[in-house]
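The block underneath contains the structure these notes are about, expressed in structure tokens.
Indexing begins at 1, ligand by ligand and atom by atom, following the structure's order.
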Amino acid sequence: MAVVNVTPDSFSDGGRWFDADAAVTHGHQLIAEGADILDVGGESTRPGAARPDETEELRRILPVVTELASAGARVSVDTMRSRVAAAALEAGASLVNDVSGGLADPDMARVVADARAPYVAMHWRGHSKDMQSRAVYGDVVADVRRELEERVEALLEAGVRRESLIVDPGFGFAKTTEQNWEMLARLTEFERLGLPLLAGTSRKSFLSRVGSLDGEPLPPDQRDEATAATSVLLAQAGVWGVRVHEVRATAVAFEVLARTRGTS
Ligand code: PMM
């Protein structure tokens with residue numbers, strides 16, 4: 001899954017694809033490099049970010065979703081708002097990626113259930129403004145897994161079908177650097193949820209010191225080698241998908257892995 005952020009303020013690609021035409025061109029490039037799904041989002045979830053209103057979110061994403069879907073791309077919409085999800089599905093998106101796992105908008109479960117669309121429910125403890133203050137866990141893996149389990153139960157009760165669900169432990173969302181590393185090391189423990197897993201480690205700040213020559217954090221666009229290494233670990237842990245900004249390095253890493261498995 002490749003990221004198409006149509007935002008002026010994303011931490012990872014800082015507004016480069018804010019213009020709809022630029023975002024569409026970027027989407028085509030990501031497909032050419034090997035992406036299977038394009039994840040189009042209009043709200044930055046970087047720690048401390050302010051939220052766009054719904055009209056602005058729709059204005060950002062709808063032309064991009066429409067254009068990419070009509071060109072045959074498999075499009076997912078990265079949104080916490082049920083009305084944005086519904087409009088994107090109408091415009092040709094085939095998957096909803098909700099970083100709040102249905103917590104931010106009580107109508108999300110109904111929209112997803114009615115559309116029978118695949119739905120990514122990520123682990124989330126509140127909006128980006130103050131999420132890092134919520135990074136308090138006994139055992140991060142056990143706690144995140146339990147909270148995801150509770151979300152899954154609530155979503156099933158609200159009518160979402162089990163076959164539609166994909167879960168995501170939410171790297172970087174209300175997690176400290178150490179907690180992100182621990183989740184990555186123990187990822188197979190999420191298998192117990194019995195659902196496909198998506199993981200988004202790409203360019204996240206816990207990777208910022210990997211490969212730094214002076215001990216200072218590397219900027220997001222210099223974290224792609226570290227991201228590709230995490231993609232291999234995630235694939236070996238059996239995930240359904242990885243969400244990345246730069247596709248090429250991960251595609252090459254997956255090809256290496258496939259060759260060791262005799263599947264390339
Ligand atoms: N991370 C971001 C945005 N959306 N969705 C899922 N399912 N998992 C993630 O880890 C995730 C996400 C934040 O990264 P970005 O601002 O670069 O898109």
Open item on the list: Under the criterion side-chain contact (heavy atoms from CB on, under 4.5 Å), I'd like the reasoning laid out for Asp21 against Glu67: C-alpha separation, chi angles, the key distance, then a yes or no.
Closed with: CA-CA 9 Å; Asp21 289 339; Glu67 185 95 12; over 6 Å; no

Open item on the list: Taking side-chain hydrogen bond (donor to acceptor under 3.5 Å, both in side chains) as the criterion, tell me which of His123, Gln132, Glu182 meets it with Lys175.
Closed with: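 So the option named by the test is His123.
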
Can you name the atoms of ligand 1, numbered from 1 with element, that are less than 4.0 Å from a heavy atom of [X]?
X	answer
Leu198	7 (N)
Val99	4 (N), 5 (N), 12 (C)
Asn97	5 (N), 6 (C), 7 (N)
Thr45	2 (C), 3 (C), 13 (C)
Gly200	10 (O)

Task: Proximity to ligand 1 by part of Thr201, non-hydrogen separation under 4.0 Å - done: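 For Thr201, there is no contact with ligand 1 at all, from either part.
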
Task: Residue part near ligand 1, for Thr7, under 4.0 Å between non-hydrogen atoms - done: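 Contact part for Thr7 vs ligand 1: neither.
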
Any donor-acceptor N or O pair under 3.5 Å, side chains [X], [Y]:
X	Y	answer
Asp98	Ser100	yes
Glu57	Thr79	yes
Thr230	Thr201	yes

- [ ] Among Leu103, Leu165, Val167, Leu156, find the residue that satisfies the side chain to side chain contact (heavy atoms under 4.5 Å, CB included) test when tested with Arg151.
- [x]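 Testing each of Leu103, Leu165, Val167, Leu156 against Arg151, the sole residue satisfying side chain to side chain contact (heavy atoms under 4.5 Å, CB included) is Leu103.
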
Open item on the list: Angle between ring planes, Phe171 versus Phe206, binned at 30° and 60°: parallel, tilted or perpendicular?
Closed with: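 Phe171 vs Phe206 ring planes: parallel.
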
Open item on the list: Test your reading of the structure: does His245 have an N or O sitting under 3.5 Å from an N or O of ligand 1?
Closed with: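 Yes; at least one N/O pair falls below 3.5 Å.
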
Task: Nearest candidate to atom 10 (O) of ligand 1, where distance is taken over non-hydrogen atoms, out of Arg243, Lys204, Glu43 - done: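 Residue with the shortest heavy-atom distance to the ligand atom: Lys204.
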
